[in-house]
Amino acid sequence: MTATTPPDAVRVLVPSGMLGSGFDPAAIERGLAMGADAITVDGGSTDSGPHYLGSGTPKTTAAAVARDLRYLLRAAATARIPLIVGSCGTSGTDSGVDWVAGIAATVLREEELDLTVARVYSEQDAADLKERLNEGRISPLPPLGELDADTLESCTHVVGVMGHEPIVAALEAGADVVLAGRATDTALAAAVPLMRGMPAGPSWHAAKIVECGGQCTTNPREREVFVTVDATGFTVEPLGEATACTPTSVAAHMLYETVDPFTMREPDGWIDVTDATYTALDDRRVRVEGSRFVPAAQKTIKLEGARVAGYTTMSFTGIRDPLVLAEIDDWAAFLREVLTDRVQQTLGLEPPQYAVDLRLYGHDAVLGHLERPTAPPREVGVMLLVQAADQATATAVAKVANPLMLHLPTRGMQHLPSFAFPTSPAETERGPSYEFVLHHVVDVDDPTSMFRTVIDGSPA
């Protein structure tokens with residue numbers, strides 16, 4: 001697959017921001033007709049919290065992933081171009097890669113497609129990481145502090161976040177389809193342009209812009225985008241017919257999930273778009289030039305890890321009583337006080353043996369104390385989340401709270417109000433609750449050394 005001389009340009013088709021979220025098959029056909037050299041799509045994220053990494057389970061449903069893969073595998077086979085999926089199974093665990101690979105194998109068999117599939121695994125062994133820790137090769141990213149061995153041992157799953165190199169290695173070994181574990185969102189679309197000799201600045205910047213599909217357009221509901229990387233820059237355009245790329249929509253994507261809108265770190269170094277220019281070529285296409293990539297003196301691989309923090313039980317009730325709503329903040333504080341007292345009396349428990357999170361939806365559940373003062377809300381949904389070391393304790397605390405969430409008056413009220421539970425029973429056991437505990441990087445000499453590749457069942 002490696003060209004002997006760099007081509008004039010490399011074209012990448014991105015069908016959506018996440019495998020399983022759907023796309024328009026007609027837009028994929030348009031991208032193939034435009035000469036796509038690769039199809040890339042992200043398969044996961046940490047956006048939905050630590051549960052998916054901690055439990056090793058996917059966020060998406062198998063039917064949605066199979067639907068997307070069926071179209072994309074057909075497209076890759078028809079055009080004879082590589083298909084790259086990153087962060088398989090949401091969090092990029094080994095089980096996530098195998099889950100997507102199993103779906104892909106079924107589709108390939110049913111469609112009678114002859115494609116070579118590579119699985120690139122990113123899950124890390126705690127014993128190996130402890131050796132690297134002892135060698136002083138692991139350092140924290142803010143706001144976390146120094147890592148200790150006990151934290152590594154406590155994780156149910158740890159993944160390393162790969163850059164483009166393991167993906168390129170799989171392609172050069174003969175893979176038509178690369179199903180990668182945890183990877184940077186940008187590594188997927190940058191891999192083929194970099195492999196085929198395009199400059200790093202435009203390749204990485206282009207990959208950043210198209211990582212989320214149509215989010216860089218004026219109508220992100222149309223998910224499909226197409227980017228052409230060449231020696232001096234890149235051109236990005238939508239494949240949907242009811243949307244456009246503008247200089248503003250393209251440049252704005254550097255604000256997305258970045259600390260600095262002008263620079264962003266990858267395992268090998270920094271994307272620097274300080275001097276980038278964004279020019280409208282017409283009413284749909286944008287040309288970007290001036291992007292740079294600054295290599296790092298030390299290559300690093302970011303670690304992500306999650307562990308069980310406890311077990312959670314949830315209860316939810318709705319309040320419309322205007323007297324309670326007029327004093328909703330004081331009522332919430334009163335609920336905490338009464339609940340703490342009753343749990344101590346009935347269960348003999350005190351914080352920190354359990355924790356209570358009370359959220360007032362319709363009042364300040366999202367912004368909390370940052371919410372601007374308003375008139376009393378018309379209705380409020382009260383969510384109670386109880387976390388404890390075991391499920392039985394969490395549920396017991398929630399059951400103690402049950403009559404309070406049904407009838408607790410304000411401090412000065414002389415009658416019992418009635419609230420509404422939307423479910424029976426009111427308590428929902430949510431099982432283990434996970435927390436992220438790793439936000440660290442490992443110094444590496446070889447950016448492929450922490451990842452393992454299997455091509456069609458045989459070690460590569």
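Predicted, not measured: the structure shown is a model, and the values here were computed from it. Heads up: numbering here begins at 1 and tracks the sequence.
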Crowding at CD, E112 (>12 non-hydrogen neighbours, <6.0 Å) | no
Can you check whether V286 reaches T279 side chain to side chain, under 4.5 Å on heavy atoms?
-> no
To the nearest 0.5 Å, tell me how far E289 CD sits from T277 OG1.
-> 5.5 Å
For the residue pair F23 and Y71, does the interplanar ring angle fall in the parallel (under 30°), tilted (30 to 60°) or perpendicular (over 60°) class?
-> perpendicular
Start with the C-alpha gap between Y278 and M254, add the side-chain angles, then the distance that decides, and say whether side-chain contact (heavy atoms from CB on, under 4.5 Å) holds.
-> CA-CA 12 Å; Y278 302 81; M254 281 303 300; 4.2 Å; yes
salt_bridge(R119, D98) N-O dist < 4.0 Å | yes
Whether S21 side chain and G17 backbone form a donor-acceptor pair below 3.5 Å = no
Inter-residue atom distance L179.CG - L83.CG, 0.5 Å rounding = 7.0 Å
OG on S45 to NZ on K59, rounded to 0.5 Å | 7.5 Å
Would you please say whether a donor-acceptor pair under 3.5 Å links the side chains of E304 and H439?
-> no
Mark yes or no for whether S154, through its side chain, and R307, through its backbone, hold a donor-acceptor pair below 3.5 Å.
-> no
Other residues, nucleotides, ligands: >12 heavy atoms within 6.0 Å of R430 CZ | no
Smallest separation among heavy atoms of A200 and L194, with atom names | CA-CD2, 3.7 Å
Shortest non-hydrogen separation from T184 to W204 and the atoms involved = OG1-CZ3, 4.5 Å
Take R70 and D68, measure what salt bridge (Lys or Arg N to Asp or Glu O under 4.0 Å) needs, and give me the verdict at the end.
-> CA-CA 5 Å; R70 193 172 300 276; D68 285 6; over 6 Å; no
Correct closest heavy-atom pair for M198 and D230 would be SD-CA, 3.6 Å
Would the number of heavy atoms belonging to other residues, nucleotides or ligands and lying under 6.0 Å from CD of E429 be above 12?
-> yes
Residue list, side-chain hydrogen bond (donor to acceptor under 3.5 Å, both in side chains) with S95, at least two apart or on another chain | T93
Have R182 and S122 got a donor and an acceptor in their side chains that come within less than 3.5 Å?
-> no
Applying side-chain hydrogen bond (donor to acceptor under 3.5 Å, both in side chains), run through E211 and H253 and close with a yes or a no.
-> CA-CA 9 Å; E211 64 178 356; H253 198 67; 3.1 Å; yes
Please check if any side-chain donor atom of T243 sits under 3.5 Å from a side-chain acceptor atom of T218, or the reverse.
-> yes
Does any non-hydrogen side-chain atom of M34 lie less than 4.5 Å from one of F226?
-> yes
Indicate whether any N or O donor in one side chain lies under 3.5 Å from an N or O acceptor in the other, for Q387 and D357.
-> no
How about R287 and T232: does a side-chain donor come under 3.5 Å of a side-chain acceptor?
-> yes
Heavy-atom closest pair, residues G381 and F316 = CA-CZ, 3.6 Å
If you round to the nearest 0.5 Å, how far is OG1 of T274 from CZ of R292?
-> 7.0 Å
Look only at the side chain of R452 and the backbone of V454, and say whether a donor-acceptor pair between them is shorter than 3.5 Å.
-> no
If you measure from NE2 on H164 to CG on D268, what distance do you get to the nearest 0.5 Å?
-> 5.5 Å
Under the side-chain contact (heavy atoms from CB on, under 4.5 Å) rule, what do L171 and V192 come out as? Steps first, then yes or no, please.
-> CA-CA 9 Å; L171 293 172; V192 172; 3.9 Å; yes
Taking all non-hydrogen atoms of both residues, which atom of A187 and which atom of G163 are closest, and how far apart?
-> CB-C, 3.5 Å
Any donor-acceptor N/O pair, T263 side chain to D260 backbone, under 3.5 Å = no
Can any side-chain N or O of T317 pair as donor or acceptor with the backbone N or O of L406 at less than 3.5 Å?
-> no
Within a strict 4.5 Å, meaning less than it, do heavy atoms of the V227 and I209 side chains meet?
-> no
Under 4.5 Å between any side-chain heavy atoms of D443 and I301, yes or no?
-> no
Could you tell me whether the side chain of I39 reaches within less than 4.5 Å of the side chain of P15, counting heavy atoms only?
-> yes
Decide yes or no on side-chain contact (heavy atoms from CB on, under 4.5 Å) for Y256 and Q215, but give the supporting numbers first.
-> CA-CA 10 Å; Y256 181 71; Q215 194 162 310; 3.2 Å; yes
Under 3.5 Å, is there a donor-acceptor pair between the T448 and D446 side chains?
-> yes
Kindly say whether V12 contributes a backbone atom to a donor-acceptor pair with the side chain of D37 at under 3.5 angstrom?
-> no
With sequence neighbours left out, what residues match H363 under ring pair (Phe, Tyr, Trp, His ring centres under 6.0 Å)?
-> none
Could you verify whether a donor N or O on one side chain and an acceptor N or O on the other, from S16 and E224, lie under 3.5 Å apart?
-> no
Is the count of non-hydrogen atoms from other residues, nucleotides or ligands lying under 6.0 Å from D282 atom CG greater than 12?
-> yes
Could you walk me through whether D24 and R30 pass side-chain contact (heavy atoms from CB on, under 4.5 Å), step by step?
-> CA-CA 10 Å; D24 179 6; R30 286 192 286 273; 4.1 Å; yes
Is the shortest side-chain N to carboxylate O distance from E237 to R284 below 4.0 Å?
-> no
Mind checking the OG1-CZ spacing from T235 to R11? Nearest 0.5 Å is all I need.
-> 10.0 Å
Side-chain donor/acceptor of D364 to backbone N/O of L367, under 3.5 Å = no
Taking side chain as C-beta onward, heavy atoms only, is V14 less than 4.5 Å from V41?
-> no
Shortest non-hydrogen contact between G92 and V159, atoms and distance = O-CG1, 3.7 Å
Are the side chain of D42 and the backbone of M18 linked by a donor-acceptor contact shorter than 3.5 Å?
-> no
Between S87 and T90, is there a donor-acceptor pair closer than 3.5 Å when you use the side chain of the first and the backbone of the second?
-> no
Minimum side-chain heavy-atom gap I167-L188 below 4.5 Å | yes
Is a side-chain donor-acceptor pair under 3.5 Å present for E266 with T186?
-> yes
Report yes or no: does Q391 contribute a side-chain atom to a donor-acceptor pair with the main-chain N or O of P432 at less than 3.5 Å?
-> no
Would you say S315 and M405 make side-chain contact, with heavy atoms under 4.5 Å?
-> yes
Scan side-chain atoms only and decide if T313 and T395 contain a donor-acceptor pair under the 3.5 Å cut-off.
-> yes
